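Down below is the structure, laid out as structure tokens.
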Amino acid sequence: MVSPMIAPSILSADFARLAAEAEAVSGADWLHVDVMDAHFVPNLTLGLPVVKSLLKATNIPLDCHLMIEDPARWAPPYAEAGAYNVTFHAEATDDPSAVARDIRAAGAKAGLSVKPGTPIEPYLEILRDFDTLLVMSVEPGFGGQSFMPEVLSKAKAVRALVDSGDLRLVVEIDGGINSDTIEQAAEAGIDCFVAGSAVYDTADPAAAVRDLRARAIHASHHLS
Ligand SMILES: O=C(CO)[C@H](O)[C@H](O)COP(=O)(O)O
Ligand SMILES: [Fe+2]
């Protein structure tokens with residue numbers, strides 16, 4: 001198991017000050033960027049031009065979470081632009097492996113995300129085509145929602161495959177992660193924790209990142 005990673009979500013940051021907001025979490029492992037198209041989810045955020053500007057403004061690897069329709073068309077340009085990891089939704093395409101291939105060919109890690117109600121079993125076979133699995137622990141679309149602990153059974157199932165050596169994959173969780181919920185996620189075997197409101201809705205985002213990381217290390221320590 002890798003050392004726990006923290007990925008602050010700029011969904012909860014001030015969009016007029018994104019460079020400064022990235023700088024405020026310079027100790028983070030990844031910077032999580034929520035791309036929403038108002039079709040796959042009922043919200044609209046930002047797209048490729050903003051990601052290109054962010055890439056110039058920060059050295060933190062960008063973890064782009066595409067909550068969009070037609071990822072086969074729209075996901076590879078994020079990889080070409082220089083995003084470190086490009087994640088799209090299993091529910092948005094009939095051929096996730098083909099999209100992953102195109103993302104990897106364009107130079108990024110490829111991630112698959114599943115909504116809370118989407119079972120993981122139909123996707124276990126194709127996870128070998130991916131570098132990241134993003135388990136959603138809220139309905140995608142908005143920050144500041146409550147954590148859904150029932151999704152942790154999916155994380156545990158995939159963690160078991162990784163631990164048995166059958167799979168190499170970063171297991172990531174997104175939604176409602178804060179100082180009260182991160183420990184149960186860490187105990188379930190999560191490698192990377194996305195946190196939006198728990199980082200940016202505080203007076204000291206850097207301290208929030210440190211606190212979340214310490215809690216994750218403490219809770220996952222006995223597993224390693
Ligand atoms: O993908 C997302 C929402 O669809 C966000 O990454 C997520 O909700 C982060 O916000 P918070 O930590 O406040 O729940
Ligand atoms: Fe996200």
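We number each residue from 1, following the sequence as shown. First listed ligand is number 1; within each ligand, the first listed atom is number 1. The figures that follow rest on heavy atoms only: side chains count, while hydrogens, waters and symmetry mates do not. Source: prediction; values computed, not measured.
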Q: Just grab all the side chain to side chain donor-acceptor pair (under 3.5 Å) pairs involving residues 105-118, residues at least two apart or on different chains.
A: H89-S113, E91-T118
Q. Between A195 and ligand 1, which part of the residue brings a heavy atom under 4.0 Å of the ligand: side chain, backbone, both or neither?
A. backbone
Q | Proximal atoms of ligand 1 relative to H65 (non-hydrogen, under 4.0 Å) | A | 1 (O)
Q: For S197, counting its heavy atoms only, list the atoms of ligand 1 lying under 4.0 Å from any of them.
A: 11 (P), 12 (O), 13 (O)
Give the table of side-chain donor-acceptor pairs shorter than 3.5 Å for residues 74-81, with sequence neighbours excluded, one pair per line with atom names and distance.
unit_1, atom_1, unit_2, atom_2, d
Y78, OH, L48, N, 3.2

Q) G196 to ligand 1: N or O pair under 3.5 Å? A) yes
Q) ligand 1 and L11, any nitrogen or oxygen pair closer than 3.5 angstrom? A) no
Q | Numbered atoms of ligand 1 (with element) below 4.0 Å of G141, judged on heavy atoms | A | 3 (C), 4 (O)
Q: May I ask you to check whether N85 and T132 show a side-chain donor-acceptor distance below 3.5 Å?
A: yes
**Q.** For G143, the ligand 1 atoms whose distance to one of its heavy atoms is below 4.0 Å
**A.** 8 (O), 10 (O), 13 (O)
(Q) I'd like to check which ligand 1 atoms, numbered from 1 as shown, lie under 4.0 Å from a non-hydrogen atom of G175. (A) 14 (O)
Q. What atoms of ligand 1 come closer than 4.0 angstrom to any heavy atom of D34?
A. 1 (O), 2 (C), 5 (C), 6 (O)
**Q.** Single hit among V138, I173, N178 for side-chain contact (heavy atoms from CB on, under 4.5 Å) with F147
**A.** I173
**Q.** The one among T87, V41, V194, D174 that brings a heavy atom closest to atom 7 (C) of ligand 1
**A.** D174
(Q) Below the 3.5 angstrom mark, is there an N/O of G176, backbone or side chain, next to an N/O of ligand 1? (A) yes
(Q) Side-chain heavy atoms nearer than 4.5 Å, only ILVMFWY residues, links allowed to pass through others: does that put F193 and V135 together? (A) yes
Q. For ligand 1, which atoms, with element, lie under 4.0 Å from some heavy atom of P140?
A. 4 (O)
(Q) As a test of understanding, state which of V86, L66, D129 forms a side-chain contact (heavy atoms from CB on, under 4.5 Å) with I103. (A) V86
Q | Protein heavy atom at shortest distance from atom 3 (C) of ligand 1 | A | F142 O, 3.5 Å
Q.
Rounded to the nearest 0.5 Å, what separates atom OH in Y123 from atom OG in S97?
A. 10.5 Å
Q: Run the salt-bridge test on D131 and R168 with the 4.0 Å N-O cut-off and return the result as yes or no.
A: no
Q | Electrostatic pair R159-D191, nearest N-O below 4.0 angstrom | A | yes
Q: Just the protein N/O/S atoms under 2.8 Å from the Fe ion (ligand 2), please, no waters.
A: H32 NE2, D34 OD1, H65 ND1, D174 OD2
Q. Does the side chain of H65 pick up a donor-acceptor pair with the side chain of D63 at under 3.5 Å?
A. no
Q.
Given I6, which partner from the list V25, I182, V194 fulfils the side-chain contact (heavy atoms from CB on, under 4.5 Å) test?
A. I182
Q. Which of the numbered atoms in ligand 1 are below 4.0 angstrom from a heavy atom of M36?
A. 4 (O)
Q: Using salt bridge (Lys or Arg N to Asp or Glu O under 4.0 Å) as the criterion, list what pairs up with E139, not counting sequence neighbours.
A: none
Q: Verify whether one side chain among D34 and S9 offers a donor that lies under 3.5 Å from an acceptor in the other.
A: yes
